[in-house]
Colleague: 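Can you read through this structure? Questions will come right after.
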Amino acid sequence: MTETTPTGSKARLYDAFAASGKALASGKRLELLDLLAQGERTVDALAKASGLNLTTASAHLQTLKQAGFVTTRREGVRIHYRLAGDDVAQLFALLRKVAETHQATVPPARDAYLGEGGAEELDREELRARVAAGDVVVLDVRPAEEYRAGHIPGALSLPVDELTGRIDELPEDVEIVVYCRGEYCVLAYDAVRLLTDRGRRAIRLNDGMLEWRLADLPVEAGEAV
């Protein structure tokens, strides 16, 4: 049985779908979505965090906005960007997993970026059980503004670039569970290696804040107590 849609209407529909795919066809735009999954940010902050100049970052953000993936609000002269919804974060997370499963270049690129595998890790349910038992310290090694935007309840904030100078703030007799932005975030890997080299017992949550939010688990916001 043939379709009886008006001439060109099906093509227009699929072209509309394709526009979303085109907006995602940039590694830097995906990186910006990764950053925005952690919380709202200004253009300046996004440019700095992604290593882009302001003009290039703004152009990428406009492409994402035109596709409906991000929204904005103005505060004085500053423009703040945020994800348009949790479904955008879900799409981003699914895209990464599908790519890792079906795109042969992803696993070696992942390993080259994150470093050698094999380190001990645990999943979200194991972490929640151990937190309830009171036998671990949960350490958030993302930048402080990401921690303030939302973190695992009870987690300590210690950005990875401050860890060497502040490691003595962490207890020595308790295992430390480290997390950062998500499954492909290098910050937690770097932190576990640093802590282990300094004689601390440290393991990594096997994903991060993105997946924690998408699982609809409790999230706290605000400064560290």
Side-chain angles (χ1 to χ4, degrees), residues 13-43 45-46 49-50 52 57 60-73 79-107 109-111 113-114 121-128 131 138 140-143 145-153 155 177-189 204-221:
L13 173 62
Y14 278 84
D15 283 344
F17 293 151
S20 292
K22 290 176 182 178
L24 298 176
S26 161
K28 277 300 181 182
R29 287 198 285 275
L30 293 179
E31 185 177 352
L32 290 169
L33 290 179
D34 192 15
L35 291 167
L36 288 169
Q38 306 302 309
E40 183 181 77
R41 292 202 188 195
T42 65
V43 180
L46 287 165
S50 61
L52 296 170
H60 281 312
L61 289 164
Q62 282 303 307
T63 298
L64 292 170
K65 184 178 181 182
Q66 290 165 7
F69 291 135
V70 301
T71 60
T72 60
R73 70 175 181 88
I79 302 296
H80 297 255
Y81 279 82
R82 63 183 180 275
L83 294 186
D86 289 343
D87 52 352
V88 178
Q90 290 167 349
L91 174 63
F92 171 65
L94 180 59
L95 173 63
R96 298 193 309 187
K97 293 306 293 182
V98 170
E100 182 174 354
T101 301
H102 299 288
Q103 171 57 260
T105 60
V106 171
R110 175 204 60 207
D111 294 343
Y113 175 55
L114 298 176
E121 59 184 30
L122 77 173
D123 62 26
R124 293 186 299 271
E125 290 307 310
E126 291 173 307
L127 175 59
R128 296 183 74 193
V131 168
V138 183
D140 185 319
V141 294
R142 299 173 299 157
E145 63 268 25
E146 296 180 19
Y147 177 89
R148 289 193 295 270
H151 54 267
I152 293 175
V177 179
V178 181
Y179 76 92
C180 56
R181 292 169 179 148
E183 182 177 355
Y184 303 91
C185 177
V186 75
L187 304 180
Y189 287 81
R204 186 180 61 82
L205 180 63
N206 66 354
D207 46 39
M209 200 63 215
L210 169 64
E211 295 84 2
W212 186 274
R213 286 181 183 274
L214 291 177
D216 201 26
L217 293 173
V219 174
E220 290 181 347

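Keep in mind that this is a model prediction, so the values were computed, not measured.
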Colleague: Within a strict 4.5 Å, meaning less than it, do heavy atoms of the Leu46 and Leu52 side chains meet?
Modeller: no
Colleague: To the nearest 0.5 Å, what is the distance between OG1 on Thr71 and NE2 on His80?
Modeller: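 It is 12.0 Å, given to the nearest 0.5 Å.
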Colleague: As a test of understanding, state which of Gln62, Glu40, Lys65 forms a side-chain hydrogen bond (donor to acceptor under 3.5 Å, both in side chains) with Thr72.
Modeller: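 Passing option: Lys65.
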Colleague: Sequence neighbours left out, cut at 3.5 Å: what donor-acceptor pairs do the side chains of residues 211-218 make with other protein atoms?
Modeller:
from	atom 1	to	atom 2	distance (Å)
Glu211	OE1	Gly208	N	2.9
Glu211	OE2	Arg96	NH2	3.4
Glu211	OE2	Glu183	N	3.2
Trp212	NE1	Pro218	O	2.7
Arg213	NH2	Ala149	O	3.3

Colleague: Are Met209 and Tyr147 close enough that some pair of their side-chain heavy atoms sits under 4.5 Å apart?
Modeller: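 No, every pair of side-chain atoms sits at 4.5 Å or beyond.
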Colleague: Rounded to the nearest 0.5 Å, what separation is found between the CG atom of Leu30 and the CG atom of Leu95?
Modeller: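 The CG atom of Leu30 sits 6.0 Å away from the CG atom of Leu95.
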Colleague: What pair of heavy atoms forms the shortest contact from Leu32 to Ser50, and how long is it?
Modeller: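 Heavy-atom minimum between the residues: CD2-OG, 3.8 Å.
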Colleague: Between Leu91 and Phe69, is there a side-chain heavy-atom distance shorter than 4.5 Å?
Modeller: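 Phe69 reaches Leu91 side chain to side chain.
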Colleague: Taking the side chain as every heavy atom from C-beta outward, state whether Leu187 and Pro143 have any atom pair closer than 4.5 Å.
Modeller: yes
Colleague: Is the shortest side-chain heavy-atom distance between Ile152 and Asp140 below 4.5 Å?
Modeller: no
Colleague: Which heavy atom in Asn206 sits nearest to a heavy atom in Arg124, and how many Å separate them?
Modeller: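 Result for this residue pair: OD1-N, 4.4 Å.
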Colleague: Indicate yes or no: at least one non-hydrogen side-chain atom of Val88 is less than 4.5 angstrom from one of Leu64.
Modeller: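 Result no, sub-4.5 Å side-chain heavy-atom pair not found.
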Colleague: Out of curiosity, Leu205 CG to Cys180 SG, how far, rounded to the nearest 0.5 Å?
Modeller: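 Between atom CG of Leu205 and atom SG of Cys180 there are 9.0 Å.
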Colleague: Could you report the tightest heavy-atom contact between Tyr113 and Tyr184, atom names first, then the distance?
Modeller: CE2-O, 3.5 Å
Colleague: Identify the heavy atoms of Val106 and Ala99 that sit nearest to each other, and give their distance.
Modeller: CG2-O, 3.6 Å
Colleague: Which pairs of donor and acceptor atoms, one on a side chain in residues 16-26, lie under 3.5 Å apart (sequence neighbours left out)?
Modeller:
from	atom 1	to	atom 2	distance (Å)
Ser26	OG	Lys28	N	3.3
Ser26	OG	Arg29	N	3.3

Colleague: Determine the minimum heavy-atom distance between Leu83 and Ala89, stating which atoms define it.
Modeller: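 Heavy atoms of Leu83 and Ala89 come nearest at CD1-CB, 3.9 Å.
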Colleague: Does atom CG (Asp15) have a neighbourhood of more than 12 heavy atoms from anything else shown, all under 6.0 Å?
Modeller: yes
Colleague: Between Glu126 and Asp123, is there a donor-acceptor pair closer than 3.5 Å when you use the side chain of the first and the backbone of the second?
Modeller: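 Answer holds: yes.
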Colleague: Between Leu210 and Arg181, is any pair of side-chain heavy atoms under 4.5 Å apart?
Modeller: no
Colleague: To check you understand the geometry: which heavy-atom pair defines the closest contact between Ala84 and Gly68, and what is its length?
Modeller: CB-O, 3.2 Å
